[in-house]
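What follows is a set of notes on a single structure, which appears directly below.
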There are 2 protein chains.
Amino acid sequence: MDGDADIASVAAVIGNPARGRMLTAMAGGRALPASELARVAQVSPSTASAHLARLTLSGLVAVERHGRYRYHRLADERVAQVIEGLSALAPSRRVRSLREANQSTAERAARSCYDHLAGAVAVALADRLCESGALDRDDLSLRDASPFAALGVDVGALAGARRPLTRSCLDWSERRPHLAGGLGAALLQALLASSWVVRRPQGRAVAVTPRGRAGLRDALGLDVVAAALH
Amino acid sequence: MDGDADIASVAAVIGNPARGRMLTAMAGGRALPASELARVAQVSPSTASAHLARLTLSGLVAVERHGRYRYHRLADERVAQVIEGLSALAPSRRVRSLREANQSTAERAARSCYDHLAGAVAVALADRLCESGALDRDDLSLRDASPFAALGVDVGALAGARRPLTRSCLDWSERRPHLAGGLGAALLQALLASSWVVRRPQGRAVAVTPRGRAGLRDALGLDVVAAALH
DNA sequence: GCAACGCTTCGCCTCCCGGCGAAGCGTTCC
DNA sequence: GGAACGCTTCGCCGGGAGGCGAAGCGTTGC
């Protein structure tokens, strides 16, 4: 028989500045090579290697080999949830450079959160979907699938999945909920597939394209620019 | 302008064996004096004092003075969520004594999770409420309030609250969801008020009284003993 | 085949974190 | 008033975690 869970052993793995930066980078949902993670963590390759070994051994991070590269990503959604929860508790760091300030602004506006969309745009999107009656205002459960069909999401295909259809995810920058779960993931997939949203080259930030701006205005009556400004 | 959140600084606070045990103890929702926390953390009073100072300074724990005692509890629900998330990721500890084994069995069966019910009983209860159509099977959102009224919960009084009415909380021992949020909290309150459920003297475990067993059978057709066995 | 490249292993060093006991401070109780 | 009690502060100590560079291993590309 086993006893209570030992939360400190997991938290200690996360609780190192370099590993924390690595996990934050991976929280965008992309798989990243060790060299890139060493860069964001601001440590030497050898140090990064030791950290990544510890992250994989503890089961927080999964690795895929592609030739001489090793791509690292969060092991599963539960890890992403913990990272997100910690972000909500953590004090925000002071930025040191203009580059960081731009990055930070972009991430506040729109970013990927593991496999779904987060940031001001995601919160505004969830709000608009509540107003239009597609989602429940209390817990973001699905009320009407048709607006999602208009965005290119096949809601029917998600019905049989083991994963919960909708989940409310607290946005750490906005302090308000946005849409996660199977539907949240499918929505981001659809937005990326139609190029309404594109991933920025590095970091978690994403950008809404002009076409996406027009599409979201036509489909939902949502003004993304206004949403990003507040 | 501030930058990305520093998750490592928070995780490092949680990521110490003694502090982890303290937080796990407080995750039951009770406020505990420093001496009791020193006992569960298995450290001297002076060491415990240092840990508690760090926990309060980092904002994870709130303190109330009552005479010469200082009662500590988790600062808010977000902290409880992170603790619960980490529990789900953490490997479970090996037990060392019969006492620990009993405690562990009891907690798996039924325990308080911050302000709501968790464990096998909570999962079975959520299942039963889904079957009877009171809760949505996908995300545990409210479908029919009448079964809750039968349990002594005034759902109407919760309607205006800022807090989400229902939230699905992943049970770390059962790996399946149970009911949290305002309704989950109100349900535990009602069960405690009617003495259908009582807190055990120490730890997070709670017990369903004979009266509660009969009440849950009559009100919902739920067999608590069978639920606890599997 | 050899150079370039990504990553890991190894050895070494430093520093800080977490532990304790003794003593001090504030509260309670007789 | 004084003893008992809960908690904090202080000083001290030991161990382990985290950092680096050099060297080694496997893959890629010319």
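The sequence lines fix the lettering, A, B, ..., with proteins before strands; numbering per chain opens at 1.
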Could you state the atom-to-atom distance from [atom1] of [X] to [atom2] of [N] in whole Å?
{"X": "A:Ile14", "N": "D:dA17", "atom1": "CD1", "atom2": "P", "answer": "17 Å"}
{"X": "A:Leu57", "N": "D:dA17", "atom1": "CG", "atom2": "P", "answer": "14 Å"}
{"X": "A:Tyr69", "N": "D:dT28", "atom1": "OH", "atom2": "P", "answer": "10 Å"}
{"X": "B:Arg19", "N": "C:dC17", "atom1": "CZ", "atom2": "C1'", "answer": "9 Å"}
{"X": "A:Arg21", "N": "D:dG18", "atom1": "CZ", "atom2": "P", "answer": "13 Å"}

Does [X] make a side-chain N or O approach to OP1 or OP2 of [N] shorter than 4.0 Å?
{"X": "A:Ser44", "N": "D:dC20", "value": "yes"}
{"X": "A:Asn16", "N": "D:dG18", "value": "yes"}
{"X": "A:His51", "N": "D:dA17", "value": "no"}

(message) How bent is the helix from C:dG1-D:dC30 to C:dC30-D:dG1, measuring the angle between the end axes built from five pairs each, rounded to 10°?
(response) 30°

Taking only N/O atoms, report every protein-nucleotides 8-15 of chain D pair under 3.5 Å with atom names and distance.
unit_1, atom_1, unit_2, atom_2, d
D:dT8, OP2, B:Ser49, OG, 2.7
D:dT8, O5', B:Ser49, OG, 3.1

(request) Classify the angle between the aromatic ring planes of A:His116 and A:His178 as parallel (below 30°), tilted (30 to 60°) or perpendicular (above 60°). (result) tilted

(message) B:Ser44 vs B:Thr47, test: side-chain hydrogen bond (donor to acceptor under 3.5 Å, both in side chains). Steps then yes/no.
(response) CA-CA 5 Å; B:Ser44 69; B:Thr47 304; 3.0 Å; yes

(request) Go along nucleotides 23-30 of chain C 5' to 3' and tag each nucleotide: B for a protein heavy atom under 4.0 Å from its base, S when only backbone or sugar atoms are that close, - otherwise. (result) ----BS--

(request) Check whether any side-chain heavy atom of B:Ile14 lies under 4.5 Å from a side-chain heavy atom of B:Val82, and answer yes or no. (result) yes

